[in-house]
There are 2 protein chains.
Amino acid sequence: MITDYLIKQVPFTHDELNDILDHFEKEHIQKNRILIKEGQICNKLYFLEAGIGRSFYLKKNGKEVTQWFFEDDNFMVSVDSFFSQTPSVYYLEILENAIIYSITKEKLDLLLVKYHKMEKLSRLLAIEMLAKVVHKLNAIQFQTAKQRYDYMLKEFPDIAYRVSLGHIASYLGMTQETLSRIRKNE
Amino acid sequence: MITDYLIKQVPFTHDELNDILDHFEKEHIQKNRILIKEGQICNKLYFLEAGIGRSFYLKKNGKEVTQWFFEDDNFMVSVDSFFSQTPSVYYLEILENAIIYSITKEKLDLLLVKYHKMEKLSRLLAIEMLAKVVHKLNAIQFQTAKQRYDYMLKEFPDIAYRVSLGHIASYLGMTQETLSRIRKNE
DNA sequence: TTTCTCTTTTGACCTAAATCAAAAAATAGC
DNA sequence: GCTATTTTTTGATTTAGGTCAAAAGAGAAA
């Protein structure tokens, strides 16, 4: 639940929470839907109440490379694009039927001005995400293919067996063949 | 200047700025000083007014691996450790004689509560840092050694020729020998 | 069940970059 | 200046993981 998630981060009052939630829209999204394409400006911040998603980008050779996975009960967004309102480098895709809450940049900006606590929430989320990305960077930069897969299992235990091997392999910076061989030897 | 930097991010008033700056301490630091060791809790946020720094960690085999470079006119911190007050995974080291402004976690927390704008500043910084780390991640994950060095030249043009080849090589996830050969063929 | 498509596995071979080792160059200390 | 120490370069060899190609397996539609 999005309310539980928000309260866990910052102690909003009941009224504040209602006001904030009024700025979000709830939607049901079918799997394989692309929320944002490369080049579009990501104008919405999404909260995944159910389902999973990923961001990926398309290399010149046409291959998709997964950049991040988004689990349920987490925000999903093309960060740079949304916050600096510049064209997204990534695609955002829903991988399993999802229930999402979305808020536009304009509405979020209103909330950020209105509620000091909302700024705090955003800061906390950004720092949390930063820590996660740094963690992945270390895994990618210094570890063998096998160790990177172990990182994946720890970081996304729920997702590791729900998305295709190819998506995971590209997320981990290795080929499908290599990941297949790693799994074989588990 | 730290004041210029702050104002560029958020329009603080003169009084606010003075109050905020009163919470910082100015220090001159000699090169090669270690600000934070692995395992310590990073209790201060540093602003580099002059000089450069890096974060690195020590692998089990005793080798240092540079994790990030910090240029003058930027904040320098072991992010996770500082914000979640947990033991740092990294060392923070000053590489060239520096002038820094530092603020403790306690004092920063006071400012974050006192000034809505200060929360905003922190959010913006976190998002900016996030974008940079994502950028490096992409360079590391998908590019050849040569391309990674080109990324370094773009991201840290000032630093690329001021720090040792070994520091840069480990930052880019390659050996010194490889970087030396790349430079030779430039 | 059969067909079509998409995903995963397996095998053979190749290459970018690592490792190991040692020489050359640059810096720092005296 | 002249050593001592650290950093960088060069060469020879190895290897993890990539590439290419094809077979096997798994869904989905009908």
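Here is the naming used below: chain letters follow the sequence lines, and residue numbers restart at 1 for every chain. Quick caveat: nothing in here was measured; it's all calculated off a predicted structure.
- Residues A:H135 and A:Y151 bring their aromatic ring centres within 6.0 Å.
- At whole-Å resolution of the value, CG in B:L165 and C1' in C:dT27 are 15 Å apart.
- Among the nucleotides C:dT10, C:dT8, D:dG18, the one closest to any side-chain atom of A:K184 is C:dT10.
- At least one side-chain nitrogen or oxygen of B:T175 sits closer than 4.0 Å to the OP1 or OP2 atom of C:dA18.
- Taking atom CZ on B:R183 and atom C1' on D:dT10, their separation rounds to 16 Å, with Å as the unit.
- Nucleotide C:dC20 holds its P atom 14 Å from the CD atom of B:Q176, rounded to whole Å.
- Using a 4.0 Å cut-off between a side-chain N of Lys or Arg and a carboxylate O of Asp or Glu, B:D109 and B:K105 qualify as a salt bridge.
- Distances were taken from every side-chain heavy atom of A:S180 (C-beta onward) to each of C:dT9, D:dG17, D:dT10; the shortest belongs to C:dT9.
- Here the C1' atom of nucleotide C:dA21 and the CD atom of B:E177 are 10 Å apart, to the nearest Å.
- Side-chain atoms of B:R148 lie closest to C:dA17 of the nucleotides C:dT8, D:dG18, C:dA17.
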Decide yes or no on side-chain hydrogen bond (donor to acceptor under 3.5 Å, both in side chains) for B:N138 and A:Y57, but give the supporting numbers first.
CA-CA 10 Å; B:N138 291 335; A:Y57 74 90; 4.8 Å; no
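- Put simply, CD on B:Q141 is 15 Å from C1' on D:dG18, counting in whole angstrom units.
- Using a 4.0 Å heavy-atom distance criterion, A:S164 is classed as a sugar-phosphate-only contact.
- In this structure, A:R54 pairs ionically with A:E93, as a charged nitrogen and a carboxylate oxygen lie closer than 4.0 Å.
- Summarising the geometry, the separation between CG on A:L179 and P on D:dA16 is reported as 18 Å, rounded to the nearest angstrom.
- Classification of B:K8 and B:D4 as a salt-bridged pair fails, no side-chain N sitting under 4.0 Å from a carboxylate O.
- Taking the six-membered ring for Trp and the full ring otherwise, the centers of A:Y5 and A:F47 sit less than 6.0 Å from each other.
- The base of D:dG18 does not come close enough to the side chain of A:R181 for any donor and acceptor atom to sit less than 3.5 Å apart.
- Phosphate contact (OP1/OP2 of D:dG18, side-chain N/O of A:T178, threshold under 4.0 Å): present.
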Between protein and nucleotides 28-30 of chain D, what N or O pairs are separated by less than 3.5 Å?
none

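- In this structure, B:M174 atom CE and C:dT19 atom P are separated by 13 Å, rounded to whole Å.
- No option in A:F70, A:F69, A:F56 other than A:F69 meets the ring pair (Phe, Tyr, Trp, His ring centres under 6.0 Å) test with A:Y171.
- Atom CD1 in B:I182 sits about 9 Å away from atom C1' in C:dA17, given to the nearest Å.
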